[in-house]
Amino acid sequence: MKIAVHNLLSCGGCDPVFFLEESPEFFRQAEVIFWNKVKDETLKVFRKIPDQGIEIGFLCGAVKSPEHEEVVRLFRRKCRTVVAVGACALWGGIPGLLWIRKEGPRPLSSLVVPDLSIPGCPPEGSTWTVYLQGLLSGRPPGPSEEPVCQECPRDRHPFRLSDFKRFPETEPESRGCYLSLGVFCAGAVTQKGCGARCLRAGYPCLGCYGPPAGLTARGERLLSAMVSALVPQKATEALKNWRDPAGSLYRFDLATHPLVRKGKCGRSD
């Protein structure tokens, strides 16, 4: 089985998932034809590969430059199956926050339609295994319909808020739901599958696995839940003092927000 791997605009953290101990079965069957970070090869070499000559192409990272666009289109042409790996490839990721000040990167879907999308920043080893096994068996999984809250060990109960807080302002020993502490935790609007790794380590969910299946406007839904919990007399002050709204609501998917993306990208399949 011939595969190709390319990293576009990202921190480079998704590439190492290919070396995780959870995926030896896959790589026993794989022959790496092209990998821009591992093999000293250029796009000139990749262009010579026959169309559809590679079984699976893995693309990590977001699209920012003309060279990135060429790579994505080449992968679509040269690979029978294109797999988008990680939050940057799927939704623009952390680099997508550039859109707050200037034109930022785009997800792969702005140019081509991936055959499979593996979420995460980076994907957990267990997620990697499930998606690869599904790919090889011809039954690739899609997004879960359930949120990270289903995997979260923290205590949930009704609550009211008087203000919003950042994570460092909370009590370390508290075991309550982060929303009840006034912290913007994205677990309720993020698909499960990561095992609530951040929450089990004592940190709120940032949302890197993306929305559950069928959920739209997840940033607005999270904001609505938090604002509706505010004591009316404190709402104006809480919103005025709220820091980093974009990072709280759209840390990994700002590049896909319709107000940001409107008229900015065209897709060719």
Side-chain angles (χ1 to χ4, degrees), residues 7-14 17 60-64 84-110 117-124 127 143-144 147-149 151-152 154 164-170 177-179 181-213 215-227 238-239 241-262 264-265:
N7 195 297
L8 305 168
L9 177 63
S10 74
C11 70
C14 285
V17 302
C60 312
V63 179
K64 185 67 171 70
V85 181
C88 291
L90 273 62
W91 309 292
I94 296 291
L97 292 173
L98 280 170
W99 283 104
I100 297 173
R101 298 190 177 277
K102 59 182 180 180
E103 184 172 349
R106 297 171 286 169
L108 299 186
S109 59
S110 67
S117 297
I118 305 180
C121 184
E124 289 290 330
T127 301
S144 171
V148 171
C149 297
E151 302 175 317
C152 179
R154 302 184 72 87
F164 297 148
K165 295 181 179 179
R166 304 189 74 171
F167 170 68
E169 300 170 339
T170 62
C177 170
Y178 278 114
L179 296 182
L181 302 178
V183 176
F184 278 81
C185 175
V189 292
T190 301
Q191 63 167 310
K192 72 175 188 179
C194 61
R197 180 66 65 91
C198 294
L199 289 154
R200 294 182 188 279
Y203 198 84
C205 172
L206 299 179
C208 73
Y209 265 53
L215 182 71
T216 58
R218 71 172 185 149
E220 287 81 351
R221 289 173 184 266
L222 177 57
L223 177 60
S224 176
M226 293 293 279
V227 170
L239 289 168
N241 295 330
W242 179 25
R243 289 174 288 179
D244 192 22
S248 300
L249 302 176
Y250 314 105
R251 187 178 297 265
F252 295 97
D253 53 4
L254 180 63
T256 65
H257 195 284
L259 292 180
V260 173
R261 300 298 318 135
K262 186 178 180 181
K264 292 288 187 179
C265 65

Within-4.5 Å side-chain heavy-atom neighbours: Glu220 and Tyr250: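 Result yes, sub-4.5 Å side-chain heavy-atom pair found.
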Heavy-atom check, side chain of Phe184 versus side chain of Leu249, under 4.5 Å: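 Phe184 reaches Leu249 side chain to side chain.
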Which atoms form the tightest heavy-atom contact between [X] and [Y], and what is the distance?
X      : Y      : value
Pro95  : Gly92  : CD-O, 3.5 Å
Gly12  : Asn7   : CA-ND2, 3.7 Å
Val189 : Pro212 : O-CD, 3.4 Å
Gly96  : Pro105 : N-CG, 3.8 Å
Ser10  : Cys88  : CB-SG, 4.1 Å
Ser110 : Pro107 : OG-O, 2.7 Å

Thr127 and Tyr209: side chain donor to acceptor below 3.5 Å: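 Yes, a side-chain donor-acceptor pair sits under 3.5 Å.
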Phe167 and Tyr178 aromatic ring geometry - parallel, tilted or perpendicular at 30°/60° bounds: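 Perpendicular.
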CZ (Arg221) with more than 12 external heavy atoms under 6.0 Å: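 Yes, the 6.0 Å shell around CZ holds more than 12 heavy atoms from other groups.
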Measure the spacing between [atom1] of [X] and [atom2] of [Y] and express it to the nearest 0.5 Å.
X      : Y      : atom1 : atom2 : answer
Leu90  : Cys208 : CG    : SG    : 10.5 Å
Cys11  : Ile94  : SG    : CD1   : 9.0 Å
Trp242 : Ser248 : CH2   : OG    : 5.5 Å
Cys185 : Leu199 : SG    : CG    : 5.0 Å
Leu9   : Cys60  : CG    : SG    : 12.0 Å
Thr190 : Leu222 : OG1   : CG    : 8.5 Å

Pair Arg243 + Glu169, salt bridge at N-O below 4.0 Å: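 Yes, this pair counts.
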Side-chain donor/acceptor of [X] to backbone N/O of [Y], under 3.5 Å:
X      : Y      : result
Arg251 : Gly207 : no
Gln191 : Gly210 : no
Glu124 : Gly193 : no
Arg218 : Ala186 : no

Between Phe252 and Trp91, ring centroids under 6.0 Å: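 No.
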Check against side-chain contact (heavy atoms from CB on, under 4.5 Å), Leu98 and Lys102: CA-CA 6 Å; Leu98 280 170; Lys102 59 182 180 180; 3.7 Å; yes
Pair Met226-Leu179, side-chain contact (heavy atoms from CB on, under 4.5 Å): steps then yes or no: CA-CA 7 Å; Met226 293 293 279; Leu179 296 182; 3.5 Å; yes
